[in-house]
Amino acid sequence: IRSEDAMKIYDFFEAVIKESLEDLSAFNVNLKRREERIVMSMSVECKTDLREIAGRYGAYAEQDFDGSWLLSLILGGGSGK
């Protein structure tokens with residue numbers, strides 16, 4: 001994983017947690033490598049609207065039928081340090 005991608009992943013994770021901390025009840029994070037891309041998926045159970053924070057990072061955000069948020073961040077990936 002490239003160091004730039006690792007920093008973006010951490011920054012996005014931190015921003016989501018900080019934004020939702022007051023009413024956060026659960027979260028799950030998944031990282032996958034798909035060819036040259038890194039896909040970060042988060043499921044976040046909170047009442048906070050996370051669309052703005054997702055948009056700031058170029059991530060996809062969708063609220064599930066039960067109110068939890070599904071977030072996806074796709075990065076260029078590739079090899080490197």
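Using a 4.5 Å cut-off between side-chain heavy atoms of Ile, Leu, Val, Met, Phe, Trp and Tyr, with links allowed through other members, Leu70 and Val44 fall into different hydrophobic clusters.
For Thr48, the side chain to side chain contact (heavy atoms under 4.5 Å, CB included) criterion is met by Glu19, Ser20, Asp23, Cys46, Leu50, not counting sequence neighbours. For Gln63, the side chain to side chain contact (heavy atoms under 4.5 Å, CB included) partners two or more places apart in sequence, or in a different chain, are Trp69.
Side-chain atoms of Val39 and Leu73, non-hydrogen and from C-beta on, never get closer than 4.5 Å to each other. Considering only heavy atoms from C-beta on, Ile74 stays 4.5 Å or farther from Ile38 through its side chain.
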Derivation of the salt bridge (charged side-chain N to carboxylate O under 4.0 Å, His left out) call for Lys18 and Glu14: CA-CA 6 Å; Lys18 280 184 177 180; Glu14 181 181 41; 3.6 Å; yes
Val16 vs Met42, side chain to side chain contact (heavy atoms under 4.5 Å, CB included): CA-CA, chis, key distance, verdict: CA-CA 9 Å; Val16 168; Met42 290 182 74; 3.8 Å; yes
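Although no hydrogens or angles enter the test, the distance criterion places a donor-acceptor pair under 3.5 Å between the side chain of Asp66 and the main chain of Ser68. In this structure, the side chain of Ser43 does not engage the main chain of Phe27 through any donor-acceptor pair within 3.5 Å.
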Review item, side-chain donor-acceptor pairs of residues 51-61, under 3.5 Å, at least two apart:
from  : atom 1 : to    : atom 2 : distance (Å)
Arg51 : NE     : Asp49 : OD1    : 3.0
Arg51 : NE     : Asp49 : OD2    : 3.1
Arg51 : NH2    : Asp49 : OD2    : 2.4
Glu52 : OE1    : Arg56 : NH2    : 2.7
Glu52 : OE2    : Arg56 : NE     : 3.4
Glu52 : OE2    : Arg56 : NH2    : 3.2
Tyr60 : OH     : Glu62 : OE1    : 2.4

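Checking each of Leu71, Ile9, Leu75 against Met40 for a side chain to side chain contact (heavy atoms under 4.5 Å, CB included) leaves exactly one that passes, namely Ile9.
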